[in-house]
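To start, the structure under review is shown below, and the notes come after it.
Hydrogens, waters and symmetry mates are skipped; everything else that's a heavy atom, side chains included, is used. Residue numbers begin at 1 in each chain, while the letters A, B, ... track the order of the sequences.
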Amino acid sequence: MPRYDPQRIEPKWQAYWDERGTFTTPNAPPEDSKGKLYVLDMFPYPSGSGLHVGHPEGYTATDIICRYGRMRGKHVLHPMGWDAFGLPAEQHAIRTKTHPRTAVQENIATFRRQLKMLGFSYDWSRELSTTDENYFRWTQWIFLQLFDTWYDPECEWTGPDGKTRTGRGRPISELPIPDKVRAGGDRAVRLYQDRHRLAYISEAPVNWCPKLGTVLANEEVIDGKSERGGHPVVRIPLRQWMLRIRKYADRLLSELDAVDWPESIKLLQRNWIGRSTGAEVDFFVAGPESADSAFEAWTSARETSGFPSEPEENVLRVYTTRPDTLYGATYMVLAPEHPLVDRLTTADQRTAVDDYREQAARKSDLDRTDLAREKTGVFTGSFAINPVNSERIPIWIADYVLVSYGTGAIMAVPAHDLRDWEFAVQFELPITTVVAPPDDYQPTKEEQALDVSHDPRFSDQPGFSPRPFAGTGTAVNSGGYDGLSTQEFKQRITADLAAQGLGREAVNYRLRDWLFSRQHYWGEPFPIWHELDEAGNPTGLMRADAPEELPVRLPEEFDFTPHGRPEPPLDDAPDDWLYKTGDDGVRLKRETNSMPQWAGSCWYYLRFCDPDNSERFIDPDVENYWMPVDVYIGGVEHAVLHLLYARFWHKVLFDRGHVSTPEPFQRLVNQGMILGAPEFTGYALAETIGHASSDDEEQVVRADEVAPDAWVSVEDSATKALDSGEEARVQKSTGKRLLPVSIDPDGVEKREGRLVLKDHPSIGVESRAFKMSKSRGNIVNPDAVVADYSADALRMYEMFMGPLEQVKPWNMSGVEGVFRFLGRVWRMVVDERADELGIADAVQNAPLTADQERLLHQTIKDVTGDIEKLSFNTAISRLMEFTNVMTACDVRPRAALEPFLLLLSPFAPHIAEELWELLGHANSLAYEPWPAHDEAKLATDEVEIPVQVNGKVRARILVPAKADQAAVEQAARADETVAKNLAGKQIVKTIFVPGRMLNIVVRG
RNA sequence: GCCGAAGUGGCGGAAUUGGCAGACGCGCUGGAUUCAAAAUCCAGUGUCCGUAAAGGACGUGAGGGUUCGAGUCCCUCCUUCGGCACCA
């Protein structure tokens, strides 16, 4: 019985493609090539649990694009590889006392097997892993490029793309050295260069958890304690490598315009970069004696010197987007970590300031920025002088000011900034209104929320506005600037301050420089040495490995379990790895941080083009041919970090002349996440569930454990934040605690538009699909789907579920549906009742009937158009329609079936190849020309069109396709129902859309 | 709070961009085949009125508007999901 037998045909064709190298792609284009097409999947991390059904979603989409592309004569590059450095492998290795490479190799083998099992047309000869020496050698080489580059914001130049830009990454040897620095000697010059490199070292605060012996990411710290175990976490400064991505912020922003990405992703990146424009303004710090003379001396000195690149010791520089509110600045705030805090703190404020700074250090960034928190801060005891009105204003420190943004200091304008207002109200600092809102102004919700009309502390102040105003308006109380609009005022005062040497226009970015080092073993080592003095202490100078000395390998025989100190584990590496003596006799110690996982995935798309090159990271001609990536598909979770980091590296390589395109990924598509099957949840009063303790979140209550009167409808439930920070369900009406109850789909029905319990129809329940997760137990394993159905069915179902970009729930009976479709396709060609595998009698070398011909051409047209639009779900439904009609035909001409198999092949390549072979073709259909449709064959003689009366469809009539309005109207009036609706009415007008519809508008 | 995406049958989703709402698939109902089942095939399936006909009313999250005509365009609101969240 030759049934559709995927277990036989799928391995057969996978072996066929492998053995013949069907999808191996040489870099030289074939003679009749219609151009290159580089289609890339986002680099997977080969986790221990193998492929997830989310992976094949994007991979099937790219595979369809590639298979279609090849059949259209494109020279297709479609590679796959592994992003295999990273923490999970290291932690697994520590647990199992093995080398991470062992687990990584096993995981890669699993991933590769699973991907091959799904029949993806990758060119496996280009496979690579970030952990291959041949790969990370060049990752280190690119790092050296970053290390060797400084950013010249003034440089105007024309790139290989023909566009002229201002600002360029240039070799560090071209960095102009100021005479003052040069006078300081070789050491001073080298330190000056090191400060300007795109890769530089800085002391950055990290979350150090002594108990766990590790550094934690911000997300892993809650309430000053580690997320796991609840151990205390301290912020300590640690020597870290940073990459100066901020220098590229403007280009990362503006060059987004040129790529073909979803607008929503571009917006995410724009917001992440967060460009703002405003001004930097210098405030003179008032001495202990109210020295007006010192201030005057300073301002007049500034008039001649202009605005310096670094402020003097007794000057505070602030950044503001609202220089027009300068007259309203009534105090200043520094971040607790601001370097000037020590000097500004007076003796009697010392204890308070130190205490506050220590507290702030203990908090993670996440806690500090918790919006719900009350404002805190401490007065330093010092005063500054407002440059526009010479007023003395107090200088505070507060953690609502971040040291990493702007200059780490602000001028506080409480009347026109909500945060400053809150702080000023809290500490009873003066508030001066300097902007009048427009006449028709309605306060925003936030402004209203801060209203202090009923606060007795402020009630008796004359002319006091009881709430802040953060919008734009007209200047008041601002000296000679009164009456100006915010817009004009900003420009005027920025220019005036610049003329006086007190300020300048400034741009700021939310984007921070990229913290590029990790205190872990399993990552790329830095190709950097630190110079040591005779006592073995670092001198602060460093030198890079020469490119030909790469790769720098990890020490193999070495115990990297955490040692309880914040230094990286590599600090304990064997001496022959850790130390060497330079040619000049200087003792050197290796950099012991390692690179983050992002590093390897920043440039893999380049290496795929030329994976075996041992001379260069990529050959320039090869790069020029394949780049940019034409289609890049992956999950939204990489919308910001990976895509921003990769773009940044690419632009540095572009500036240094190593790549020819300014952007790496021309077109980006984000596949939507696949969720688990929808689940129903009801709620019941916790107190009625006998065994349930209210702390036990994990426990599942079964519906049969719930007493009939213990149910609470979803509509009467709400989530409430508990004191512990967790969230709980409570009954709205009583506030009583509720527990979720998992409900079997059979126990639920829909009544009057709401989902209710079948047994208690007054109780509403919730239906929701959740992210697949181990703890929820709703993970679908691709291996099982392939075993129970087929790879072709899995591929088709993933595409048939809905639009690629959309989030959608998994449903196993949907797989069943496409599997049945594949069975119908099989029987459309194969005689299943014969003993031997053979073609069905109905399949003949007969000419197509007119209907069959029209169907075929319509299917070709629709499927082709849908693939072009990446609308794979509708393409599949067109293939199903074809099959439904064709299987009902007693004669099924080969001339219809063969093009159909070609159309099917990108989606379900195994069955398509098998049937193609069965129809007598000796070679794979992978490079058969894609069918073309003939527009003339689509035409029909007659069309059915709807007839509307006043926009309501009253009848459908059959008319000749080319019938004119008069003919159609006549036919319409002849229809009984239409006639009835027209009877006794006056026809006002008639709308006719040829071939589509007729609408008769009547009155009376 | 701000920004973004989305709300269409019992379910996943279609709808040439303002022109027949519900393609295709799942599920369900009935039938054929079968000793029986699986598999397969055929028919039906938005809701309501009507007689399982003819015919009609309603119907794309809610309310309003534009239009001969609105799932599609405009305004107000609701819900869900995602991102950001003291960035001066």
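- C73(B) and C24(B): their P atoms are spaced 26 Å apart (whole Å).
- With a glycosidic angle more than 90° from 0, U79(B) adopts the anti conformation.
- On the P atoms, G61(B) is 33 Å away from U51(B), given to the nearest whole Å.
- Distance from the side chain of Ser264(A) is smallest to G4(B) among G13(B), G27(B), G4(B).
- With the nearest nucleotide of RNA chain B identified for both Gly802(A) and Thr977(A), Gly802(A) has the one nearer the 5' end.
- Under the ring pair (Phe, Tyr, Trp, His ring centres under 6.0 Å) rule, Tyr4(A) has a single partner from Phe821(A), Tyr789(A), Phe819(A), which is Phe819(A).
- If you check A88(B), C20(B), G13(B) against the side chain of Ser276(A), the one that comes closest is A88(B).
- The distance between atom CG of Asp862(A) and atom P of A15(B), rounded to the nearest whole Å, is 11 Å.
- Among G13(B), C26(B), C20(B), the nucleotide with an atom closest to any side-chain atom of Pro809(A) is G13(B).
- Taking atom P in both C86(B) and G18(B), one finds a spacing of 41 Å when rounded to whole Å.
- Checked for salt-bridge contact, Asp324(A) and Arg322(A) meet the test: a charged N lies under 4.0 Å from a carboxylate O.
- Counting to the nearest Å, the P atom of A54(B) and the CZ atom of Arg954(A) are 16 Å from each other.
- Nucleotide G9(B) carries a syn base; the chi torsion (O4'-C1'-N9-C4 or O4'-C1'-N1-C2) is within 90° of 0.
- In this structure, the nucleotide among G13(B), C20(B), A88(B) sitting nearest to the side chain of Glu944(A) is C20(B).
- No hydrogens or angles considered: a donor-acceptor pair under 3.5 Å links the side chains of Thr376(A) and Tyr356(A).
- As a whole-Å value, the separation of Glu447(A) CD from C86(B) C1' is 16 Å.
- Taking atom C1' on both nucleotides, G22(B) is separated from A14(B) by 7 Å, rounded to a whole Å.
- In this structure, Glu280(A) places its CD atom 13 Å from P of A88(B), rounding to the nearest Å.
- Which of C84(B), A88(B), C24(B) sits closest to the side chain of Arg510(A) comes down to C84(B).
- Checked for salt-bridge contact, Lys490(A) and Glu505(A) miss the test: no charged N lies under 4.0 Å from a carboxylate O.
- Whole-Å rounding puts the Leu267(A) CG to G82(B) C1' distance at 13 Å.
- Side-chain proximity of Arg956(A) to C20(B), A23(B), G27(B): nearest is C20(B).
- Among the nucleotides G4(B), C58(B), G19(B), the one closest to any side-chain atom of Asn999(A) is G19(B).
- Between U66(B) and C75(B), the distance separating the two C1' atoms is 11 Å to the nearest Å.
- Atom P of U80(B) sits at a distance of 31 Å from the matching atom of G27(B), rounded to the whole Å.
- Distance noted for atom P between U60(B) and G64(B): 12 Å (whole Å).
- Side-chain proximity of Gln948(A) to A23(B), C20(B), A88(B): nearest is C20(B).
- Side-chain atoms of Tyr797(A) and Asn811(A) form no donor-acceptor pair, as typed in the model, at a separation below 3.5 Å.
- In summary, the side chains of Arg512(A) and Ser404(A) do present a donor paired with an acceptor at a separation below 3.5 Å, with no hydrogens or angles considered.
- Here Arg973(A) pairs with Glu969(A) in a salt bridge; the nearest charged N to carboxylate O distance falls below 4.0 Å.
- Of all nucleotides listed (G19(B), C20(B), G83(B)), G83(B) comes nearest to the side chain of Leu268(A).
- Nearest-nucleotide positions on RNA chain B for Tyr405(A) and Asn950(A) put Asn950(A) closer to the 5' end.
- Remark: the separation of the C1' atoms in G12(B) and G19(B) is 27 Å, to the nearest Å.
- Looking at heavy-atom distances under 4.0 Å, Arg878(A) makes contact with a base.
- Met997(A) comes within 4.0 angstrom of a base, heavy atoms only.
- When rounded to the nearest whole Å, the span between CZ of Phe821(A) and C1' of G25(B) equals 11 Å.
- Among the nucleotides A14(B), A23(B), U40(B), the one closest to any side-chain atom of Ser877(A) is A23(B).
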